[in-house]
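Here's the structure we're looking at; comments come further down.
For the single chain, residues carry numbers from 1 onward in sequence order. Keep in mind that what you see is a predicted model, and the values were worked out from it rather than measured. Both counts, for ligands and for their atoms, begin at 1 and track the order of listing.
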Amino acid sequence: MKGCTEILIGAQWGDEGKGRVVDALAGKTDVIVRYQGGANAGHTVIVGSEKHVFHLLPSGMLYTGKLCIIGNGVVVDPEQLLLELQELQAQGKDRARLVVSRDAHVVLPYHKVLDGADEAFRGKEHAIGTTKRGIGPCYVDKYNRMGITMGDLVKPDVLREKLSQNVNLKNMLLTRIYGMTPLPFDSIYQEALEWGAKLAPYLGDASLEVHKALEEGKGVLLEGAQGTLLDVDFGTYPYVTSSNPTAAGGCIGSGVGPTRISRVIGVVKAYCTRVGEGPFPTEDLGEWGDYLRDKGGEFGATTGRPRRCGWLDMVALRYAVRINGLGVLALTKLDVLSGLEEIRVALEYSLEGKQYREFTPSASFLENVKPRYVSLPGWKEDISKCRSFEELPQEAQNYVKFIEEHAEVPVGLIGVGPGREETILRNF
Ligand code: IMP
């Protein structure tokens, strides 16, 4: 692990349990980097009876001596970041050193207002179901070369000029297009300056920090947010987020070159969930979907929205293996399936008499396909105390082996409960 970089990504629609897997790995690595997304994410880490939900901070913050980095690819909501930092500080748990890339873009109040206005414009029929955290509009400004970076927050003159240009344009949009009230420049500017003053000690050259760590032979873990099927390039567009949660995004969002990546870890939940709108071929709208939601506590960590639930989709998982070059899987929430008589897994899709084994991210295709399921026998036992693969009931072992066989990737970590200890490691 030393001197090399691993990327950890979500292999489904997000909420796979990446936070708990990063937490399990963080003890063995030195640097943890968030590389894309923003406060739309909610990474939950449970240690003993304590639960921490990180929206922006990397999930390694609870470990002493680690370096945690918010990379250039993240869009930072400073208010949320300060809130998370203050919470950890108040509990004496800000144990890691934090560096925030000066080049990461800032989510400003107008991004959140526009996120809501865009969704309202799309209407019920075309809404994406965003988290309304301003993510899309902030990335729009970044790619339109109008964005404000974290580094700008500590340069009052630069900030004034860039912000006034932005507020002017956004106010034209808000008033003339959306018929809304304009936002006040002065208070946004003052607030942004305050953020800059508070966050200045954390700002730095993030990619250089990572590079130096690698040169010193240290291990680096790039922590993805959301998941493969929400990727703006490879997900179920337009029902996606506005960044690249896939492995390639890890290089762009951190400044680590592809030749330094040693392994890509895909986090996959033992069943599927999705929050927001968009196609979900294996969604179960009946009693099993409700069962998984209740038993798995499937409610958004950021918005509290109930997650849509369904069965494991091997067509989609094989796609995630392909797009991310996955070398190993971390299978989470296997315990949620305990007690089910049968477990369904989709192996292929059918549409108009044709069978499909390859995932195509086209929303119109996925909305119409019918999954072809196989049914595997379930198990009754509580597996949360199992700490080795062999201790799992035979049916649970078979389920894991079935996933490995069809994904053609080994399962190196199995989550059998939400806690840090409730983990089975297999040559991970
Ligand atoms: P946005 O990222 O807020 O623009 O939302 C775009 C889509 O991605 C919506 O369907 C959200 O529900 C979904 N999404 C964004 N972040 C997450 C996440 O962390 N977990 C699961 N879904 C997410």
For Gly276, the ligand 1 atoms whose distance to one of its heavy atoms is below 4.0 Å: 10 (O), 12 (O)

Backbone N/O of Val275 and side chain of Arg307: donor-acceptor pair under 3.5 Å: no

Is there a nitrogen or oxygen of Asn40 sitting under 3.5 Å from a nitrogen or oxygen of ligand 1? yes

Atom 3 (O) of ligand 1: nearest protein contact (heavy atom, Å): Thr131 OG1, 2.6 Å

Cationic N near anionic O, under 4.0 Å, Lys28 to Glu6: no

Residue portion contacting ligand 1 (non-hydrogen atoms closer than 4.0 Å) for Thr302: neither

For atom 9 (C) of ligand 1, what is the nearest protein heavy atom, given as residue, atom name and distance? Gly129 O, 3.2 Å

Is ligand 1 less than 4.0 angstrom away from at least one heavy atom of Ala41? yes

Please determine whether a side-chain nitrogen of the Lys or Arg among Arg97 and Glu209 lies less than 4.0 Å from a carboxylate oxygen of the Asp or Glu. yes

Would you say Gln226 touches ligand 1, if touching means a heavy atom closer than 4.0 Å? yes

Do Thr241 and Ser243 get their side chains close enough for a donor-acceptor pair, meaning under 3.5 Å? no

In terms of side-chain geometry, is the basic nitrogen of Asp152 or Lys162 positioned less than 4.0 Å from the acidic oxygen of its partner? yes

Before signing off on this row, confirm whether Asp15 and ligand 1 have an N or O atom pair separated by under 3.5 Å. yes

Counting heavy atoms under 4.0 Å, the part of Tyr239 that contacts ligand 1 is neither

In terms of atom number and element, which parts of ligand 1 are under 4.0 angstrom from non-hydrogen atoms of Arg305? 11 (C), 12 (O)

Give yes or no for whether the N/O distance cutoff of 3.5 Å, strictly under, is met between Val275 and ligand 1. yes

Closest approach of any protein heavy atom to atom 6 (C) of ligand 1, naming residue and atom: Val240 O, 3.3 Å

Is there a donor-acceptor contact under 3.5 Å from the side chain of Arg20 to the main chain of Ile46? no

To check your reading of the model: name the closest protein heavy atom to atom 22 (N) of ligand 1, its residue, and the distance in Å. Leu230 CD1, 3.5 Å

So which heavy atom in the protein is nearest atom 5 (O) of ligand 1, and how far is it from that ligand atom? Thr130 CA, 3.4 Å

Could you work out, for atom 1 (P) of ligand 1, the closest of Leu229, Asp115, Thr241 by heavy-atom distance? Thr241

Under 4.0 Å from a heavy atom of Trp13: which atoms of ligand 1 are those, numbered in the order shown and with their elements? 21 (C), 22 (N)

Would you please name every residue forming a salt bridge (charged side-chain N to carboxylate O under 4.0 Å, His left out) with Glu161, sequence neighbours left out? none

Expected output: side-chain Arg274 to main-chain Glu277 donor-acceptor under 3.5 Å: yes

Over all heavy atoms of both residues, which pair between Gly129 and Arg305 is shortest? Give the atoms and the distance, please. O-NH1, 2.8 Å

Identified side-chain hydrogen bond (donor to acceptor under 3.5 Å, both in side chains) partner of Tyr349 from the options Thr282, Asp313, Thr360: Asp313

